[in-house]
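On a predicted model such as this, the values are computed, not experimentally measured, just so you know. Below, all heavy atoms of this structure are taken into account, side chains as well, without hydrogens, waters or symmetry copies.
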Amino acid sequence: SAQRDATTVTPQALYLMNGAFVHEQAAALAQRALRHPGGDADRIRHAFALCFNRPPDAAEARLADGYFQAARGPKGGGADEMRIWSGYCQALLASAEFRIAD
């Protein structure tokens, strides 16, 4: 078969959730995103460009926006932006699109 199947074995998934290296890389990506000028939408586009070399589609942008709203809570204040962005960036790094390049 010329096309690779998208699969994840349990150790790989656990490493992407718990590995110190993955957490460090997610934090570094989060720092880059937070340094990018603009608001969340601009930073999300920047993170997508760094990870996938493309902008997020409308559904991906809505999911990201929902994540940030939920992570910040109903009042939106006092949230630890680095923690929130690190979590988001970890999800990008753990995605099948990032792990398996066509």
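Of all non-hydrogen atoms in Arg72 and Asp40, the two that sit nearest each other are NH1-OD2, 2.5 Å.
The list of side chain to side chain donor-acceptor pair (under 3.5 Å) pairs with a residue in residues 55-70, not counting sequence neighbours, reads Arg54-Glu60, Asp65-Gln69. Screening residues 47-66 for ring pair (Phe, Tyr, Trp, His ring centres under 6.0 Å) gives Phe48-Phe52 as the qualifying pairs, with residues at least two apart or on separate chains.
Listed by chain and number, the residues in a ring pair (Phe, Tyr, Trp, His ring centres under 6.0 Å) with His46 are His36 (sequence neighbours excluded). Considering only residues two or more places apart in sequence or on other chains, Asn53 meets the side chain to side chain contact (heavy atoms under 4.5 Å, CB included) condition with none of them. Taking the salt bridge (Lys or Arg N to Asp or Glu O under 4.0 Å) definition, one finds that Arg43 meets it with nothing, sequence neighbours left out. When the side-chain hydrogen bond (donor to acceptor under 3.5 Å, both in side chains) test is applied to Glu24, no partner is found at least two apart in sequence or on another chain.
Note on Leu50 and Ile44: same hydrophobic cluster, where clusters join Ile, Leu, Val, Met, Phe, Trp and Tyr whose side-chain heavy atoms are under 4.5 Å apart, directly or indirectly. Under the 4.5 Å side-chain heavy-atom criterion for grouping Ile, Leu, Val, Met, Phe, Trp and Tyr, Phe98 is connected to Leu29 within one hydrophobic cluster.
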Can you give me every donor-acceptor pair (side chain of residues 83-93, partner residue at least two apart or in another chain, under 3.5 Å) with its distance?
unit_1: Ser86; atom_1: OG; unit_2: Met82; atom_2: O; d: 2.9
unit_1: Gln90; atom_1: NE2; unit_2: Leu16; atom_2: O; d: 2.8
unit_1: Gln90; atom_1: NE2; unit_2: Met17; atom_2: O; d: 3.0

